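Predicted, not measured: the structure shown is a model, and the values here were computed from it. Letters go in sequence order (proteins before strands), and every chain restarts at 1.
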Amino acid sequence: MYKILNTDGNAKRGELTTVHGKIQTPVFMNVGTAAAIKGGVSTQDLNGIKTQVQLSNTYHLHLRPGDQVVKKMGGLQKFMVWDKPILTDSGGFQVFSLSSLRKIKEEGVYFSSHIDGRKIFMGPEESMQIQSNLASTIAMAFDECPSSKADEKYVQDSVDRTTRWLKRCQDEMKRLNSLEDTINKEQILFGINQGAIFENIRIEHAKQIAELDLAGYAIGGLAVGETHDEMYRILDAVIPHLPKDKPTYLMGVGTPANILEGIERGVDFFDCVYPTRNGRHGHLYTNQGKINLFNAKYELDERPIEEGCDCPTCKFYSRSYIRHLLKAKEMLGMRLCVLHNLYFYNTMMEEAREAIENNSFAKYKKQKLEAYI
RNA sequence: GGAUGGGUUCCCGAGUGGCCAAAGGGGGCAGACUGUAAAUCUGUUGACGACGUCUUCGAAGGUUCGAAUCCUUCUCCAUCCA
């Protein structure tokens, strides 16, 4: 299913074959948490900005519209009108990000819905059931993402539980994939390495989950408050202990610099809300660094966001016009910014793949990062 | 012509003797955001030779140790009556 096409140092140029098509890695997955890229971007738009994979969320879709609705509508792909791969996050991250609304137990997590406050329970089996109903291409294991500030004892206990949960996820997926009315019987599972910033816990956990023969291995719990150096140190420590013949996924990361550092260390998959959220907030990625279109200096700037950019936004519109749209809170402003940022990220991944093929990744990275230091 | 209410910092609007360069909102300016409770949140927004000084609350006078706040006149606006 996954094969490495070539390598350049530790950087890998890979290809993951799924029921919904091939994914060229390294890849940046475009985040559409609630089955839509925020900012008014449609699945039709994604075809014009080099999107390979969309990411949606178990927790959000379970609450609304409800995974049963999505199942009755034929699964996420049909629902969204998107025939390429979709990765669904397990809801585990919400245990962390909605920390004020939950209680963690061995069986799973008790949440309070952020929509109406009602109590909901989600454990490994529930998460797998929901993801099976959503019929995504890749399901993520249900994990706990401990805070980067949690103490070692807490992190060790949490990681041990996450390992037990992972085995339950694996069993449940096997069962679900064998059921008659399952939409995607070839759904695959990625496990998630945790351990905060404790190298010993991370490495031990990586070894344990490496034995489970999963379709892919994610590194979670990074970019949650620790420094970049700590994050890179953990990647250096963990990646050698993950299976070489499986794709690696660095969850929730990150800035262009974070991603290039990850690729250099052998990461295949990335996702991050930055290009979409920053786009909505008027922060645009360019090869000269990030710019904030709200700044007064762009009021009369006739240039596109980035000169020479082939994205649907830069082909037509000036910084001045987009700034006006953003300030006037016109929907089009956010949409144009999100399209540009996703195009920037997706193009960067394309360039990175080419660079690895040409054995020039180090040079590419250095040149790309000059604007982001 | 008469009656009443009102004119506050870029805008709206609170404030009725000192704690007022003046609440709050908007707008402006800037910052944050890493598996999205995020079209959100934070800071700042009179002028300087800046822990101090100076100029501001329609205008001009006055009362007071002290006025955006009290008094007088003027002026403008709104509504109502002729």
Side-chain angles (χ1 to χ4, degrees), chain A residues 28-41 53-61 63-64 86-102 111-117 120 127 131 136 138-146 148 190-194 216 218-228 230-231 249-259 261-262 267 269-283 285 290-299 323 325-338 341 345 372:
Chain A
F28 178 78
M29 298 185 283
N30 295 193
V31 180
T33 301
I37 307 271
K38 293 184 192 296
V41 175
V53 186
Q54 261 201 91
L55 183 150
S56 288
N57 191 284
T58 299
Y59 166 79
H60 297 260
L61 294 174
L63 292 188
R64 193 167 51 194
I86 297 172
L87 180 144
T88 41
D89 188 25
S90 64
F93 186 70
Q94 277 60 47
V95 178
F96 167 74
S97 66
L98 308 176
S99 58
S100 61
L101 302 177
R102 49 73 165 164
F111 289 89
S112 222
S113 159
H114 72 279
I115 296 167
D116 59 11
I120 53 165
S127 179
Q131 295 186 76
S136 55
I138 304 170
M140 294 306 300
F142 189 70
D143 67 334
E144 185 196 342
C145 172
S148 63
F190 279 19
I192 305 174
N193 170 255
Q194 289 289 356
I219 301 165
L222 290 178
V224 291
E226 81 287 359
T227 65
H228 285 178
E230 285 172 321
M231 176 166 99
Y249 167 22
L250 177 53
M251 304 186 82
V253 172
T255 65
N258 293 159
I259 290 175
E261 294 291 343
V267 177
F269 284 69
F270 298 87
D271 80 278
C272 188
V273 303
Y274 268 161
T276 41
R277 184 184 290 166
N278 279 332
R280 274 178 280 132
H281 297 167
H283 287 74
Y285 293 92
K290 199 149 63 85
I291 66 174
N292 180 356
L293 269 195
F294 276 97
N295 290 172
K297 62 185 169 187
Y298 300 115
E299 188 177 23
R323 177 173 193 271
L325 294 176
L326 289 169
K327 292 188 81 76
K329 296 181 166 55
E330 284 293 338
M331 275 198 294
L332 180 61
M334 285 199 248
R335 182 180 136 75
L336 293 176
C337 289
V338 170
N341 278 352
Y345 266 66
Y372 288 92

Please name all residues satisfying side-chain hydrogen bond (donor to acceptor under 3.5 Å, both in side chains) with A/Thr33, sequence neighbours left out, ordered by chain then number. none
Any strand is fair game: report the nucleotide pairing with B/G52 by Watson-Crick or G-U wobble, both distances under 3.5 Å, or none. B/C48
Quick one: label A/Gly39 by what it contacts on the DNA or RNA (base, sugar-phosphate, nothing), any heavy atom closer than 4.0 Å. nothing
Under the side-chain hydrogen bond (donor to acceptor under 3.5 Å, both in side chains) rule, collect the residues that match up with A/Ser113, sequence neighbours excluded. A/Asp116
B/C51: syn or anti, with syn meaning chi within 90° of zero? syn
Rounded to whole Å, CG of A/Asn193 lies from C1' of B/G35 at a distance of 14 Å
Donor/acceptor link under 3.5 angstrom from A/Asn292 side chain onto base of B/G31: no
Have a look at A/Pro256 and tell me which of A/Tyr345, A/Tyr274, A/Phe28 forms a side-chain contact (heavy atoms from CB on, under 4.5 Å) with it. A/Tyr345
Of the nucleotides B/G31, B/C29, B/G35, which has the atom closest to the A/Arg323 side chain? B/C29
Detail all sub-3.5 Å separations between protein N/O atoms and N/O atoms belonging to nucleotides 43-47 of chain B.
none

Below 4.5 Å, heavy atoms only, C-beta onward: do A/Lys327 and A/Phe294 meet side chain to side chain? yes
B/G18 and B/C70, which share atom name C1', separated by this distance in whole Å: 14 Å
Of B/U34, B/U36, B/G28, the nucleotide closest to the side chain of A/Asn57 is B/U36
Ignoring hydrogens and angles, are the base of B/G35 and the side chain of A/Gln194 linked by a donor-acceptor pair under 3.5 Å? yes
If I pick the C1' atom on B/U56 and the same atom on B/A22, what distance separates them, to the nearest angstrom? 10 Å
Report the residues that fulfil salt bridge (charged side-chain N to carboxylate O under 4.0 Å, His left out) with A/Glu261, sequence neighbours left out, ordered by chain and then residue number. A/Arg265, A/Lys365
Using whole Å, what does the distance between atom C1' of nucleotide B/G31 and atom CD1 of A/Ile291 come to? 16 Å
In terms of the angle between their ring planes, are A/Phe269 and A/Phe190 parallel, tilted or perpendicular, with boundaries placed at 30° and 60°? perpendicular
Judged by atom type as modelled, is there a donor-acceptor pair below 3.5 Å linking the side chain of A/Gln131 to the main-chain atoms of A/Ser136? no
Would you indicate what A/Leu250 reaches in the nucleic acid, counting non-hydrogen atoms under 4.0 angstrom: base, sugar-phosphate, or nothing? nothing
Hits for salt bridge (charged side-chain N to carboxylate O under 4.0 Å, His left out) against A/Arg323, two or more places apart or cross-chain, chain-then-number order -> none
Classify the nucleic acid contact of A/Phe294 as base, sugar-phosphate or nothing, counting any heavy atom under 4.0 Å across all strands shown. sugar-phosphate
Between B/U34, B/G35, B/A32, which one does the side chain of A/Arg277 approach most closely? B/U34
What is the nucleic acid contact for A/Asp143, judged by heavy atoms within less than 4.0 Å: base, sugar-phosphate only, or nothing? base
May I ask you to say what A/Lys297 touches in the nucleic acid, namely base, sugar-phosphate or nothing, with a heavy-atom cut-off under 4.0 Å? nothing
In whole angstroms, the gap separating P of B/G35 from CG of A/Leu55 amounts to 9 Å
Name the orientation of the base relative to the sugar in B/A50: syn if the glycosidic angle is within 90° of 0, else anti. syn
Could you give the distance separating B/A78 and B/C10 at their P atoms, to the nearest angstrom? 23 Å
Could you work out the separation of B/C57 and B/U9 based on their P atoms and round it to a whole Å? 9 Å
Sequence neighbours excluded, the answer for side-chain hydrogen bond (donor to acceptor under 3.5 Å, both in side chains) partners of A/Tyr285 is A/Asn278
In whole angstrom, what separates A/Met334's CE from B/U40's P? 8 Å
Examine the base of B/U36 for any acceptor or donor lying under 3.5 Å from a partner atom in the side chain of A/His114, and report the outcome as yes or no. no
Quote, to the nearest angstrom, the C1' distance that separates B/G15 from B/C20. 9 Å
Looking only at side-chain atoms of A/Ala296, point me to the closest of B/U34, B/G27, B/A30. B/A30
Considering only heavy atoms and no angle criterion, is a donor-acceptor pair shorter than 3.5 Å present between the side chain of A/Ser97 and the base of B/U36? no
Within the 4.0 Å heavy-atom criterion, would you say A/Met331 contacts the bases, only the backbone, or no part of the nucleic acid? base
Rounded interatomic separation in angstrom, taking CE from A/Met29 and P from B/U36: 10 Å
Contact under 4.0 Å: A/Lys329 side-chain N or O vs B/U40 OP1/OP2: no
A/His281 side-chain proximity, nearest of B/U36, B/A37, B/A32: B/A32
Between B/A47 and B/C41, how far apart are the two P atoms, rounded to whole Å? 27 Å
Round to the nearest Å and state the distance from A/His283 atom NE2 to B/A38 atom P. 19 Å
Donor-acceptor under 3.5 Å (A/Asn57 side chain, A/Tyr59 main chain): yes
For A/Asp271, answer base if it contacts any base atom (sugar-phosphate contacts may also be present), sugar-phosphate if it contacts only those atoms, and nothing otherwise; contact means non-hydrogen atoms under 4.0 Å. sugar-phosphate
Is A/His60 touching bases, backbone alone, or none of the nucleic acid, heavy atoms closer than 4.0 Å? sugar-phosphate
Closest nucleotide of RNA chain B for A/Gln94 versus for A/Asn278: which of these residues is on the 5' side? A/Asn278
Which one is paired to B/A30, where only Watson-Crick or G-U wobble pairs with both distances under 3.5 angstrom count? B/U42
Starting from P on B/C33, measure out to NZ on A/Lys38 and report it in whole angstrom. 19 Å
Strictly distance-based, threshold 3.5 Å: is any side-chain N or O of A/Thr88 a donor or acceptor partner for the main-chain N or O of A/Ala139? no
Write down the distance separating the P atoms in B/G66 and B/U75, rounded off to the nearest Å. 29 Å
Atom P, compared across B/G24 and B/A14: separation rounded to whole Å: 15 Å
Rounded off to whole Å, could you give me the CG-to-P distance for the A/Leu87 and B/G35 pair? 13 Å
Pairing partner of B/U64, by Watson-Crick or G-U wobble and under 3.5 Å for both distances, is none
What is the base-pairing partner of B/G1, counting Watson-Crick and G-U wobble geometry with both distances under 3.5 Å? B/C81
